[in-house]
Structure formats: C-alpha cells, structure tokens
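Chain naming here is simple, since letters A, B, ... match the order of the sequence lines and numbering starts at 1 in each. Please read these numbers as outputs of a predicted model, since none were measured by experiment.
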Amino acid sequence: MQIQAMQQAIWQVVSLIPSGKVATYGQLAKLAGFPGQARAVGRCLSQLPEQSQLPWHRVINAQGRISFPADSAAYREQKQRLLAEGIEIARGRISLRLYGWQP
DNA sequence: TTTGCGGCTGTAA
DNA sequence: CTTACAGCCGCAA
C-alpha cells in the first residue's frame, strides 16, 4: 500500500465528519480501511496544507481529548473551532456518547 | 543502519 | 484516576 493512497483514503473519511460531531483517530483509520493505523491519521493531518478545508479539528483521541499539549496554540485553535460548532468540552474532555460521529 | 518519537489505542494492573 | 506495555509505522536525526 502506497502512503499516498492511504493519505487519500484518510482525507476522504475525515471530510465526511459532519459539523458538530467528532471522530477518533482509530475510528477513522478503520473506516479508511486501515485498522490499527491510528497514528497514520494523525500523521496525515499534521501534513495538511495551511489552506486545507478538511475538518481536522473534528478529530480527537479515543479518550475524548484533544491530542495536543493543553498549553499549545494548536490546542487552543482546535478547542475554539469545536466550541464554535456547539461541541461541549467539560474538564478537557468531549463526550463521545453525545458528539461521537456514528457513520 | 539503528533509534527515538510522534495529533494513537486496547488491555491490564 | 495513574502507569505500563505491546502493537502500529513513517520520518528525521
């Protein structure tokens, strides 16, 4: 499997996450056809071009947390985008039960 | 060529 | 709640 094809598949599924919902890295990896490749999802997203329209902010880890250091600019950016979509973040966690995307 | 480190995760203690 | 650990695998040093 070419890394590029994988990237394509991953970007594809990420683009499907509806506004107001979130998905986990592992979940997306599985949907894209690469179970167990959660890190590949994070890697792809980290390589997104600046002007990308992909909803990268709707991707969080399996613990319902943002996978960035809480003091980083990236963390604040993602948090703001999520709040802007009406997603609630209590004690640094997002309820997957309420906001988790069910394809 | 080996190593350490990621936007990770499930299991177990 | 916390560590710990085994899988995962591309990438930069």
Student: Test your reading of the model: is there a side-chain donor-acceptor pair from A:E85 to the backbone of A:Q80, 3.5 Å cut-off?
Tutor: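 No, A:E85 side chain to A:Q80 backbone: no donor-acceptor pair under 3.5 Å.
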Student: Mind checking the P distance from C:dA6 to B:dG7? Whole angstroms is fine.
Tutor: 22 Å
Student: A:Q2 has an atom CD; how far is it from atom P of C:dG10, in whole Å?
Tutor: 11 Å
Student: Can you give one letter per nucleotide of nucleotides 7-13 of chain B, going 5' to 3': B for a protein heavy atom under 4.0 Å from the base, S for sugar-phosphate only, - for none?
Tutor: BBSS---
Student: Quick check: closest heavy atoms across A:Q78 and A:H57, and the distance to 0.1 Å?
Tutor: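 For A:Q78 versus A:H57, the nearest heavy atoms are NE2-O, 2.9 Å.
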Student: What is the distance, to the nearest angstrom, from the NZ atom on A:K30 to the C1' atom on C:dC8?
Tutor: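 Distance check: A:K30 NZ to C:dC8 C1' gives 15 Å.
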Student: Has A:K79 got a side-chain atom pairing as donor or acceptor with A:A70's backbone, closer than 3.5 angstrom?
Tutor: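 Here the side-chain-to-backbone pair does not exist.
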Student: Return the value, rounded to whole Å, for the distance between atom CE of A:M1 and atom P of C:dC9.
Tutor: 12 Å
Student: Taking pairing as Watson-Crick or G-U wobble with both contacts under 3.5 Å, can you name the mate of C:dA12, or confirm there isn't one?
Tutor: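 Looking at the geometry, C:dA12 pairs with B:dT3.
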Student: Does some side-chain heavy atom of A:S67 sit less than 4.5 Å from a side-chain heavy atom of A:Y25?
Tutor: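 In contact.
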Student: With side chains defined as the heavy atoms from C-beta onward, is the minimum distance between A:M6 and A:F34 less than 4.5 Å?
Tutor: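 Side-chain contact under 4.5 Å: yes.
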Student: When you compare the side chain of A:Q12 with that of A:Q8, does any pair of heavy atoms fall below 4.5 Å?
Tutor: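 No, side chains not in contact.
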Student: Here's a test of your reading of the structure: between A:R65 and A:I3, which maps to the more 5' nucleotide of DNA chain C?
Tutor: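 Result of the comparison: A:R65.
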